[in-house]
Amino acid sequence: MAVIIRLPHVGESVVEGTIGEWLKQPGDTVERYDPLVEVITDKVTMEVPSPVGGTLLKVLAQEGETLPMGAPIAEMETDEDLPEDSPPPEPAVIADYGQSNEQPGTIGYLVKDVAPVGPTGGGPDPAQTLTPDSETPVGGPRLSPAVRRLLREHGVDPSRITGTGMGGRITREDVLQHLESHPAAAAPASGDAADQDEEHLPLTPVRRMIADAMVRSASQIPHAWSTVEADVSGLVALRAESRASFEGREGVELTYLPFFIKAVAEALAEHPTLNASWGGDKIILKKKINIGIAVAAPQGLVVPVIHDADKLSVPELARAAQDLTGRARQNKLTLNDVQRGTFTLNNTGALGSISSQPIINYPQAAILTTEAIEKRAVVREDAIVIRSMMNLCLSFDHRINDGAEAGSFLQAVKGKLEGLSPGVPLN
């Protein structure tokens with residue numbers, strides 16, 4: 001029997017989605033839960049699995065087309081009943097970007113650079129020809145809009161590229177690798193003389209989405225900034241003392257990050273207006289403390305979330321952070337991993353930074369960066385001594401908090417970090 005596959009709902013605030021790339025083509029055999037199509041929304045980008053097994057008869061939505069959630073996108077021939085009462089399998093997150101209020105979304109989702117390619121309905125024409133509109137080689141695999149655009153920009157014949165995607169499909173990575181190995185092909189197909197003095201780098205999908213998220217935050221949230229200096233000499237000594245035994249006992253590396261998360265989570269419990277969002281005519285206090293951790297993954301900036309961080313010990317936070325950062329870098333995060341963050345922590349010190357003015361992860365109330373730990377000469381009891389110092393940099397929404405609340409929160413984080421010393425139990 002033939003069944004209609006519909007665009008799945010992924011959150012109350014997500015009302016429409018754009019078809020990014022069909023991963024199966026009409027005539028293909030599809031197993032249940034096989035990735036069927038890539039869907040882009042303003043909150044997430046995901047590979048949608050097929051709810052049934054069978055044969056894909058027809059695609060009803062073309063790549064680049066934007067549709068309301070629940071709209072029909074494909075027709076399949078199957079012997080299975082289309083599930084109605086049970087929830088569908090969770091779509092696979094490709095990456096993440098932007099943070100929604102309580103619905104899905106975080107900073108960084110890898111998306112395809114899509115553009116409308118034609119009217120709704122029907123699958124690809126089997127008699128594909130190379131035209132200025134389709135730029136699809138005769139008899140070759142279909143090209144996504146992003147790949148077509150990249151080929152057009154650089155004047156590259158797709159027949160010269162061996163595709164590594166499903167069914168020999170040419171991916172953006174295939175084109176970029178070809179351009180890197182054939183520098184002469186990297187020059188734009190056309191341009192004026194001024195272009196010879198410039199190099200134009202096409203925006204990656206992640207960079208485009210990060211840019212949109214950052215503009216939204218910077219334009220809609222009135223940012224204010226504050227910085228304090230913390231003496232973490234005791235923390236440095238505690239980590240050095242505990243590192244070997246901790247790693248042997250827990251099986252994970254003991255970094256400074258779980259200590260930072262612990263201090264921030266405890267301080268948020270004491271300062272609820274920092275764990276909040278702006279509601280227009282009200283301030284929304286979050287009852288859960290879910291801390292997002294910014295991760296520099298290969299596909300771009302990703303912010304997986306440690307849920308109920310205030311209830312976890314340092315060893316539990318270390319395991320959670322290692323698991324999430326590892327899966328973020330391997331492109332294996334799920335939707336749950338990137339949902340419902342209430343505060344964001346960015347350990348910019350790992351990159352050597354000593355001071356930052358981070359942009360708030362919309363629509364949260366604040367974001368904190370923990371900067372590099374450095375040996376500095378400081379004055380203690382009228383004497384100059386060498387101590388391990390670091391900066392804590394906070395950006396906060398000035399509609400929700402004033403300097404007094406932000407300063408009090410920073411002092412709380414600072415006090416908790418400065419209270420650590422050798423012999424303190426790691427709980």
Side-chain angles (χ1 to χ4, degrees), residues 1-8 17-40 45-84 88-92 94 110-152 157-175:
M1 63 178 176
V3 298
I4 298 297
I5 308 299
R6 297 182 179 276
L7 198 60
T18 299
I19 302 299
E21 180 177 354
W22 280 100
L23 306 176
K24 298 289 186 180
Q25 299 301 322
D28 287 353
T29 299
V30 181
E31 298 292 333
R32 190 175 189 181
Y33 301 157
D34 273 357
L36 184 63
V37 63
E38 190 174 280
V39 175
I40 304 160
T45 292
M46 60 204 173
E47 289 181 351
V48 175
S50 175
V52 295
T55 301
L56 181 60
L57 297 178
K58 184 187 297 184
V59 295
L60 305 177
Q62 296 296 320
E63 294 177 355
E65 186 176 357
T66 299
L67 303 166
M69 291 302 179
I73 59 173
E75 183 178 341
M76 284 189 62
E77 179 70 28
T78 180
D79 294 328
E80 302 177 18
D81 291 330
L82 193 65
E84 295 181 358
E90 184 173 279
I94 299 175
L110 179 60
V111 301
K112 297 296 179 181
D113 185 9
V114 298
V117 296
T120 304
D125 183 354
Q128 297 178 47
T129 58
L130 186 59
T131 69
D133 292 330
S134 69
E135 300 192 39
T136 304
V138 175
R142 290 188 76 212
L143 304 175
S144 73
V147 170
R148 290 201 301 270
R149 182 176 292 110
L150 196 58
L151 291 170
R152 181 173 60 249
D157 181 352
S159 65
R160 298 175 57 194
I161 302 176
T162 301
T164 61
M166 186 178 299
R169 193 180 185 90
I170 297 174
T171 67
R172 279 182 60 88
E173 289 70 27
D174 294 331
V175 179

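The structure displayed is predicted, hence computed values, not measured ones.
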- Note on the structure: For Arg32 and Pro51 the tightest heavy-atom approach is NE-O, 3.0 Å
- Query: When rounded to the nearest 0.5 angstrom, what is the spacing between CG in Leu57 and CE in Met76?
  - Reply: 8.0 Å
- Task: Calculate, to the nearest 0.5 Å, the distance between atoms CD and CG belonging to Glu47 and Asp34 respectively.
- Result: 10.5 Å
- Query: Of the non-hydrogen atoms in Met1 and Glu80, which two are nearest, and what is the gap between them?
  - Reply: CE-O, 2.9 Å
- Query: Hey, does Ile19 have a side-chain heavy atom less than 4.5 Å from the side chain of Val59?
  - Reply: no
- Ignoring hydrogens and angles, tell me if any N or O in the side chain of Arg6 forms a donor-acceptor pair with the backbone of Gly70 under 3.5 Å. yes
- Message: Measuring from atom NZ of Lys24 to atom OG1 of Thr55, what distance do you get when rounded to the nearest 0.5 angstrom?
- Response: 11.0 Å
- Query: When you look at Ile4 and Leu60, which way does the side chain to side chain contact (heavy atoms under 4.5 Å, CB included) test go after all the steps?
  - Reply: CA-CA 9 Å; Ile4 298 297; Leu60 305 177; 4.1 Å; yes
- Task: Looking only at non-hydrogen atoms, find the nearest pair between Leu151 and Pro158 and report the distance.
- Result: CD1-CB, 3.8 Å
- Spacing of Glu38 atom CD and Thr18 atom OG1 [to the nearest 0.5 Å]: 11.0 Å
- Note on the structure: Tightest non-hydrogen contact, residues Trp22 and Ala74, listed as CH2-CB, 3.7 Å
- Task: Check whether any side-chain heavy atom of Asp174 lies under 4.5 Å from a side-chain heavy atom of Thr162, and answer yes or no.
- Result: no
- Closest heavy-atom pair, Gly17 versus Leu7, reported as atoms and distance to 0.1 Å, is N-CD2, 4.0 Å
- Item | Atom pair CG/CG of Leu36 and Leu23 - distance to nearest 0.5 Å | 7.5 Å
- Query: Hey, what do you get for CD1 (Ile73) to CG (Leu67), rounding to the nearest 0.5 Å?
  - Reply: 8.0 Å
